[in-house]
Every structure is written in structure tokens, then in C-alpha cells.
**Q** 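Next up is a structure, given as C-alpha cells.
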Amino acid sequence: MDVTTQKRNAKKFIENWKNRGHEKQDSQSFWLALLRDVVGVEKPENFIDFEEKVQLEHDSFIDAYIDQTHVMIEQKSSSKDLDKPIRQSDGILLTPFQQAQRYSAGLSYSKRPRWIVTCNFKEFRVYDMEHPNSEPDKIELKDLATEYYRLEFLVDKSNQHLEKEKQVSISAGELVGQIYDELLKQYKNPDSEYSQKSINQLCVRIVFCLYAEDSGIFGRKNMFHDYLEDFDVHHFRAALINLFKVLDTKVEDRDPYLADDEPKLAEFPYVNGGMFSEKDIEIPSFTDELKDLLLNKASNEFDWSEISPTIFGAVFESTLNPETRHQGGMHYTSVENIHKVIDPLFLDDLKDEFNEIKKTKQPATLKKKAKAFQDKIANLTFMDPACGSGNFLTETYLQLRKLENEAIKLIYPNPILDTDISKSIIKVSIKQLYGIEINDFAVSVAKTALWIAESQMLEETKDIFYANWDFLPLKTYSHIHEGNALTMDWNKVLSNYACHYIMGNPPFIGTKYENENQKTDINNLNHNLKGIDYVSGWYYKAIEYIQDTKIECCYVSTNSITQGQQVAVLWSILLKLGIKINFAYRTFIWTSEASQKAHVHCVIVGFSLFDRKRKFLYENGLVSKVSTINPYLVDGPNILIKSRSKPLSNVLEMVKGSQPTDGGNLILNESEKSELIKSEPKSKKYIRRYMGANDLIKNKCRYCLWLKDCPPNDLKNMPLILKRLKLVQSSRLSSKKAATQKWAKKPALFTEDRQPNSDYLMVPVVSSEQRRYIPMAFVSKEVIANTNAQMIPNAGLYEFAILESNMHMGWMRTVAGRMKSDYAYSAKIVYNNFPWPSPTNEQKEKIKNTAQEILDARALYPDASLADLYDTLTMPPELLKAHQNNDRAVMEAYGLPVKSTTESDAVAFLFNLYSKLTKKDEN
């Protein structure tokens with residue numbers, strides 16, 4: 001369905017369903033019409049199921065379920081408020097979302113929904129169950145004519161053909177891995193650089209031959225197999241060497257007697273393109289097992305013509321040693337994730353442009369426009385400066401050629417057998433694609449993937465004309481350059497005035513995992529980049545390269561560059577150089593097609609030196625049009641949250657817990673505590689509960705020796721404690737830090753004592769991203785907090801309520817750092833920069849009351865840990881309701897509308913408030 005039709009249908013749908021909607025009578029017709037007319041599902045009755053039974057304590061029924069995309073729909077009448085709980089048949093009060101969650105828990109794991117949609121005919125609430133703590137995306141019926149695209153998550157964009165390509169490609173990669181492993185055993189010196197490069201190149205050649213014989217590039221099926229099967233293992237190596245020589249020699253330059261001596265070898269065409277030109281590669285002897293693997297499993301039993309070059313490049317490269325791959329920061333990319341980059345960067349606009357061309361009525365004008373469009377896409381250039389196995393470039397080429405084939409059909413509307421039409425009708429070329437890659441094997445794989453893509457698309461073009469063009473010899477050369485992109489001049493690969501787009505996923509290497517060479521690479525670019533993730537270098541290089549151009553860029557990056565302390569360091573430099581963020585994907589899990597999948601929390605950032613007219617933020621499968629995108633990937637001003645030693649607002653200070661630096665000798669578990677008290681009863685008054693984030697959340701009991709007020713004579717009479725103190729002393733003396741060594745003189749004391757003299761509010765330093773709220777709690781001054789916890793001495797209900805509110809949690813989720821995917825709460829970044837509200841006395845009292853409601857709701861479950869209480873699946877309704885009441889009260893104190901404010905809205909508001917406060921602070 002084209003965009004114009006979709007918009008028109010959405011307007012009609014709005015008119016048809018305005019001011020109506022009964023849960024029982026209208027639900028099915030509403031969803032069938034929506035899927036058919038607005039989303040574009042041809043037979044929606046075969047796509048969506050209604051009234052699916054789910055077994056709870058009694059039979060219940062899910063209103064609607066879309067199996068292909070795992071979407072559960074809970075439909076209510078237009079008179080129902082989606083925020084208000086509704087009494088169920090068993091008497092419990094649940095909101096529509098909680099009702100759907102209940103149904104979800106009753107389903108088998110494979111049927112659990114990816115998305116939950118609650119709807120009352122006036123509004124859709126979309127919940128992403130991979131991010132259960134995120135705010136629902138709200139889409140109002142009245143806005144559907146302009147926001148129809150936000151319903152795309154309902155439709156499964158994949159198809160069986162793509163799924164088959166994926167499976168075939170992964171199987172092909174596994175075969176290559178087996179061949180690689182068996183070959184490596186035959187090398188005399190497998191660890192040498194020469195042998196490593198040779199085996200990589202040999203694998204590339206073998207794969208090309210396997211593909212060429214199955215796809216018809218060699219001219220006849222099974223040519224590679226039939227030639228090699230005549231040789232025993234003792235002559236197999238020589239047979240391969242001879243074959244590679246022939247493939248690199250033009251037919252007219254070959255031995256004139258070759259056809260007489262070796263007719264099967266003489267049949268092979270000339271390949272060219274550099275694939276077989278390198279003579280000096282080491283080829284080992286073969287074994288019976290290796291011959292069988294190559295000729296039977298890889299050749300006879302497998303069809304290489306169906307592989308996807310985009311995916312196969314990744315799984316092929318996965319034959320590299322996993323440790324080498326990790327050190328190089330390589331992670332491999334699914335087709336779906338590639339499209340998250342190339343679609344908003346350029347492909348969506350090209351498709352929209354072509355769809356408009358297709359509406360042209362006059363044939364001559366249509367043909368003229370199609371030719372101009374073909375010329376346009378044939379003159380675009382693309383660069384991936386960390387191209388790996390070339391999957392971004394390969395998928396880009398495939399998509400451009402598919403568009404070109406569609407344009408060719410408009411130029412030649414009545415395909416006929418026309419021998420006069422030559423391959424020159426094809427204008428899009430792999431010459432338009434440029435890459436830089438540090439790994440020589442990946443360079444070879446990238447070139448091979450592009451050649452395979454080129455041959456596949458030639459077949460599709462041939463089908464338009466019923467032509468019989470030969471693919472060989474290779475005449476197009478890919479511009480994949482081996483080298484370190486951070487030390488190279490990109491203009492020597494592709495002059496910036498000739499480049500249109502830069503894209504890719506540069507290495508995911510955190511600053512603490514960078515080797516010395518990588519640290520030097522970053523420091524040589526700009527010494528102010530020191531101490532941040534390696535990917536930052538590609539942002540800096542890109543911004544330098546695109547100065548005074550209209551080049552647009554898009555990178556996949558770890559989310560660390562848009563969270564925590566790195567943001568201010570990196571983006572202060574980039575903003576000075578003029579960077580503009582045009583679209584972005586907020587944090588999501590990066591998946592891979594490689595056999596050892598990489599699970600990394602990533603963002604995608606599309607940028608240039610100019611503002612696009614339309615900017616988009618993508619999150620949890622949904623997209624929003626925004627006016628600005630800042631470095632935190634929020635619709636808000638370009639503000640950088642820097643480390644602050646004191647709170648920006650006039651509030652209590654937050655301090656870190658105490659540090660023992662004791663080699664573990666001052667810390668006791670439950671049994672050690674009991675044994676110590678039993679042996680030395682006097683020790684009881686010097687033992688305190690010892691608590692960090694994990695202890696607080698999971699209600700674990702640990703203890704410590706707190707000896708700051710212990711007189712020497714008491715210590716003398718406790719030999720077991722003295723024994724521990726000697727171990728503390730020894731541990732400190734063995735430290736490389738002079739300051740720690742000095743503390744060996746005071747083994748009874750913590751090296752950093754920040755324990756307050758009052759009760760305090762404990763805030764965990766690390767908490768799971770799966771929780772909507774970080775569990776905080778009031779703790780006695782008798783409990784010693786360790787460095788995995790932050791403390792606010794003398795905090796009361798008001799402070800507790802604000803920090804546990806969705807306003808503060810939204811701010812935290814945006815600016816906090818991450819430890820893996822968990823929240824890493826920093827007082828200097830999160831708390832000290834948080835803009836507090838200025839409530840009236842009445843509002844403050846209301847907030848204190850909602851804080852008490854939270855504590856009262858927790859108290860109803862004395863045996864449950866905070867981990868139990870704040871798990872999204874087991875959170876008690878009373879506690880959820882108390883938090884929701886608290887969220888509303890805090891939003892009112894900020895002057896925000898309670899019903900319509902999303903988390904994104906709240907964060908944008910806080911950024912603006914922060915901007916005002918910091919300006920006031922500076923003045």
C-alpha cells in the first residue's frame with residue numbers, strides 16, 4: 001500500500017470510528033478494518049485470532065492475538081479509562097494492561113506476547129514486553145492519519161524466502177567452519193601469520209567455487225565437484241593449485257594443449273577480479289576426511305545458490321578465532337538491524353520517491369522519470385569505514401539493484417527477448433560502495449559477498465529480458481581497502497566531495513578493554529577523547545571528513561556514548577564541530593547472525609552537519625516525529641550533563657558508602673558471625689549489619705567488624721579478631737597504592753568511613769533494567785553501607801517519594817551509565833544534576849502521603865524481598881497502585897498534565913528545567 005492510499009484510508013477509518021466503540025459488538029470489525037485498510041493486511045481474518053482461550057483459575061479469553069508478531073490485544077469500550085482498574089470475575093481490580101499481563105503469564109513461553117496493546121477505540125497503548133519497565137507508547141485515533149506508521153509493529157515484515165535464505169546462509173557458514181578447522185590441522189605451522197592469511201584466502205576461493213558451480217557462474221552445475229573427484233588425496237592439493245591458476249588465466253592465454261590433457265580443467269571460465277591472482281598462498285595437503293567434507297557435504301549435499309550474501313558474509317567471517325574476533329571488537333549484523341540503519345538514512349526516501357514516480361499516468365513521462373531515477377541511484381556513493389565482512393555495503397547494493405530493476409521494468413514495460421539489450425542497461429555497480437577494514441580476511445570476505453550479490457542481482461535483471469548474459473569474467477571491482485580507519489585519510493579511499501552516505505557499526509570496545517594501540521589511535525585523533533569508548537573515534541573521523549559537505553552518516557554504537565559520563569566528553573567535541581542528530585534508535589539489544597551471537601545494548605545515531613526537515617526517534621519498535629534530538633537521544637535541547645560534586649537543587653547531599661579495603665577480612669557471613677560471637681561473646685557489640693545494593697534488594701545478610709569505637713583492651717581480649725586484623729594489615733601492605741599501605745597502621749578501621757550518625761535513605765548503585773523503579777529503602781544508622789550503595793542521611797518521605805517517582809526514574813534511565821545492561825546510578829551524574837520540583841505545601845504533603853502508601857504496600861508482604869516486590873511479573877497490585885499515585889503527585893508538583901505525559905515528555909521537560917537552573921546557577 002502506498003503512502004497516499006494509507007493516509008486516505010486512515011482518515012476514513014477515523015471518521016468511521018469516531019465517537020463509537022463497544023467492547024463486545026465492535027472489537028472484531030474494528031481490528032479487521034484497521035489491519036486491512038490502514039496497515040495493509042490483505043486477509044486480516046487469517047492474520048488475527050479473536051477470543052483465544054487461556055487457562056487461569058478458570059477459563060478466560062484473550063480479546064485478540066496476532067501470532068506472527070506475538071501481539072496481544074486487550075480491547076475495552078470507548079467509555080472505559082485505560083488507566084483505571086476494572087473488577088475481574090474473581091474480585092481483583094486490574095487495569096487493562098495488568099489484565100493482559102495476567103493472561104500472558106497463563107500462556108506457554110513460546111506464546112508470550114512481544115507486544116501488549118490496550119485499546120478503548122479512542123486510544124492505543126502499546127507496551128513492549130522486552131522492555132517491561134518502559135512507558136507505553138500512546139497513539140490516539142484522531143492522530144492516525146499522520147501517525148499510521150507507528151502501527152507497523154503489528155505486521156511481520158519478514159517472509160519465508162528471507163527466513164530460508166537466513167537458514168541456508170547460517171548452514172553454509174557452519175560448513176565453512178568445518179572446512180576451516182580441518183584445513184588448519186594440515187598446516188605445518190598453523191599459528192604463523194603466513195599460514196593464517198593463506199587459509200583465509202583459501203577458504204574464500206573454495207566458497208567462491210562452491211557458489212559458482214551451484215549458481216551457474218561456471219556455466220555448468222557441479223563443475224568444481226566433477227573436476228576434483230577424479231583426484232585422490234595425494235594429488236588433490238596439486239589439482240587445486242592448477243585450478244586456481246586456470247581461473248586466473250584468460251582462455252586465449254592458456255596452454256593450447258590443456259583441453260587435450262585435462263578437458264575438465266579447460267572448461268572453467270576466466271574469473272579475473274583479483275580472486276585468484278595472488279600466487280603465493282600456502283595450500284596444505286588434503287586427507288580423505290577433508291576431501292569427503294568438501295566434495296560430498298559442501299558440494300553434493302548443499303546448494304550454495306540460495307545463500308544471502310548479506311548474512312553469509314557475517315557467518316563466513318565467524319570462522320575466525322572467537323578470541324581474535326573479540327579483540328577486534330567485531331559483532332555481526334542481522335539484516336533486520338542493517339535496515340535500522342539504511343532505511344532511515346536513505347532507503348525510505350528513495351522508495352517514497354520511486355512510489356511517487358510510479359503514479360505518473362503519461363507513459364513517456366513515466367519512462368523519463370524512471371530513467372532519471374535510475375541515473376540518480378547509480379551515482380550515489382556509500383562508505384563503511386569499519387566494514388567487516390561487508391554486510392552493510394552488500395545489503396545496500398542489493399536494495400539499490402532491486403530498485404533499479406523496478407525502474408528498468410518501467411523503462412521497458414513490455415519485456416521481450418531482445419538480444420540487442422546488453423548488460424549496460426545495468427547502471428548500479430559495486431563500484432559505488434567503499435569500505436575500510438583492518439582485518440585482511442574480512443576484506444576478502446567482503447569482496448566475495450559483493451561479487452555474490454552482483455551475480456544474484458544479474459540473474460534477476462536477466463529474467464526481465466529473458467537474456468543470456470554471462471557473469472564472468474568479473475569486470476567490476478569493489479573498493480574495499482585494508483587498513484586502520486582511525487589512522488587513514490578517508491579522502492584517499494573516497495574524496496568527501498564524491499561521497500553521499502557513511503554507515504556501519506564500528507568496533508564495540510569499551511575504554512577499559514582497549515589495548516595500547518587502540519588507546520593511542522583515540523589519543524592521536526584528539527587527546528580530549530582519551531578515556532572513552534573506541535567507537536568514539538569513528539564519530540570524530542566522520543565529522544572531520546564531512547566538513548563543508550551534505551554527507552549523511554549513521555552508526556551503530558554501544559549505548560555508553562549516550563549515557564553516563566562519556567556523553568559530556570564526546571559530545572562536547574562533536575557539538576563544537578557542528579554535529580546534528582537527525583534520527584536515532586534508543587537502546588535496544590543488538591543481535592547477530594553469527595553462530596556465537598553477540599548480545600550488546602546499542603543505539604543507532606543518524607547525523608550530519610545540517611538539520612533534516614523531519615527528525616525521528618525510534619524506541620521499542622515504535623517511531624516518533626520530534627523537533628530535536630540531543631546526545632542523550634531525547635527530544636530536548638543540546639545539554640550535556642557533567643559530573644557535579646554538589647546537588648544542583650537545594651536538597652540533601654548524597655554520599656557513597658564506606659570502603660573497607662580489607663582483603664575481605666573485616667566482612668562476615670551469617671555462619672562466621674555466629675561462630676565469632678560464640679567464641680568471643682564480647683565481639684557482638686562490634687558486629688554490624690553490612691549492606692550494599694545486592695544485600696538491600698535481595699534481603700541478603702552480611703556483617704562487618706565495626707571497630708572504630710573499640711578500646712585496645714577489648715581488642716586484646718579477642719584473639720580471633722586480632723587474627724583477622726593481621727590479615728587486613730598484610731593485605732594493605734601488599735597493595736601497590738601508597739595510600740592503602742599507610743592504612744596498614746590502622747587495620748581496625750575502614751579506609752574510607754562515610755557512615756552517617758543518622759538513619760539514611762539507601763540508593764543502590766547498580767539495579768536491573770528489568771525493574772521500572774530502583775528499589776530504595778530507609779536504613780538504620782547502625783547498618784554500615786558499602787560502596788555499592790549511596791546514602792542520603794536524614795532523608796524523609798518527601799525525598800523518598802521524589803527519587804522513587806517516574807520523573808526521577810526517567811531522568812535516571814536517560815543520563816545514568818550502565819553496567820552491562822543494568823542501571824549504574826551515580827550521585828555526581830544522576831542525583832546532583834536532577835532538577836527537583838518546587839511544590840506548594842499542599843503538594844508536598846500529598847507527596848509525603850503517597851510515599852507512605854508505598855512503604856505501607858511493601859509492609860503487607862514482610863517475607864518478600866525488594867527483588868520480589870519490584871519484579872514486573874510479581875509486583876503486588878497494591879504496590880503498583882501506590883507507585884502510580886506517587887507518580888501522579890510528583891508530576892503535579894512539576895506542573896505536568898498527569899494523563900498525557902509520557903516518560904519521553906517528562907525527560908524532555910526535565911532537560912529544559914535543567915537548562916534554566918544551570919543558567920541561573922551560572923549567573
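When a residue number appears, it is its place in the shown sequence, counting from 1.
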**Q** How are the rings of Phe911 and Tyr632 set to each other: parallel, tilted or perpendicular (split at 30° and 60°)?
**A** tilted
**Q** Can you name the residues that form a side chain to side chain donor-acceptor pair (under 3.5 Å) with Asn806, not counting sequence neighbours?
**A**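 Testing Asn806 for side chain to side chain donor-acceptor pair (under 3.5 Å), a comparison that skips the adjacent residues, returns none.
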**Q** Applying ring-ring contact (aromatic ring centres under 6.0 Å, His included), name anything that partners Tyr861, two or more places apart in sequence or on another chain.
**A** none
**Q** Quick test of your reading of the model: are Lys673 and Glu675 salt-bridged, counting only N-O distances below 4.0 Å?
**A** no
**Q** Check whether Trp538 forms a cation-pi arrangement with Lys541 (NZ or CZ under 6.0 Å from the six-membered ring centre, at most 45° off the ring normal).
**A** no
**Q** Would you list the atom pairs, donor with acceptor, under 3.5 Å between side chains in residues 793-805 and any protein atom, with sequence neighbours excluded?
**A**
residue: Asn794; atom: OD1; partner: Ser758; partner atom: OG; Å: 3.2
residue: Glu799; atom: OE1; partner: Gly796; partner atom: N; Å: 2.8
residue: Glu804; atom: OE2; partner: Met776; partner atom: N; Å: 3.0
residue: Glu804; atom: OE2; partner: Arg858; partner atom: NH2; Å: 3.1
residue: Ser805; atom: OG; partner: Ile802; partner atom: O; Å: 2.7
residue: Ser805; atom: OG; partner: Met807; partner atom: N; Å: 3.4
residue: Ser805; atom: OG; partner: His808; partner atom: N; Å: 3.3

**Q** Using the side chain to side chain donor-acceptor pair (under 3.5 Å) criterion, which residues pair with Asn849? Sequence neighbours excluded.
**A** none
**Q** Can you sort out the partners of Arg732 under salt bridge (Lys or Arg N to Asp or Glu O under 4.0 Å), two or more places apart, ordered by chain and number?
**A**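 Arg732: no salt bridge (Lys or Arg N to Asp or Glu O under 4.0 Å) contacts found.
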**Q** For residues 701-727, which residue pairs pass the side-chain hydrogen bond (donor to acceptor under 3.5 Å, both in side chains) check, not counting sequence neighbours?
**A** Glu670-Tyr703, Tyr686-Asp714, Asp695-Arg702, Lys708-Asp753
**Q** Check this for me, if you would: do Arg813 and Glu903 make a salt bridge, where the nitrogen-to-carboxylate-oxygen distance has to be below 4.0 angstrom?
**A**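 The answer is yes: the pair qualifies as a salt bridge.
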**Q** Is a side-chain N or O of Ser649 found less than 3.5 angstrom from the main chain of Trp836, in a donor-acceptor match?
**A** yes
**Q** Is the closest basic N to carboxylate O distance between Arg688 and Glu782 below 4.0 Å?
**A** yes
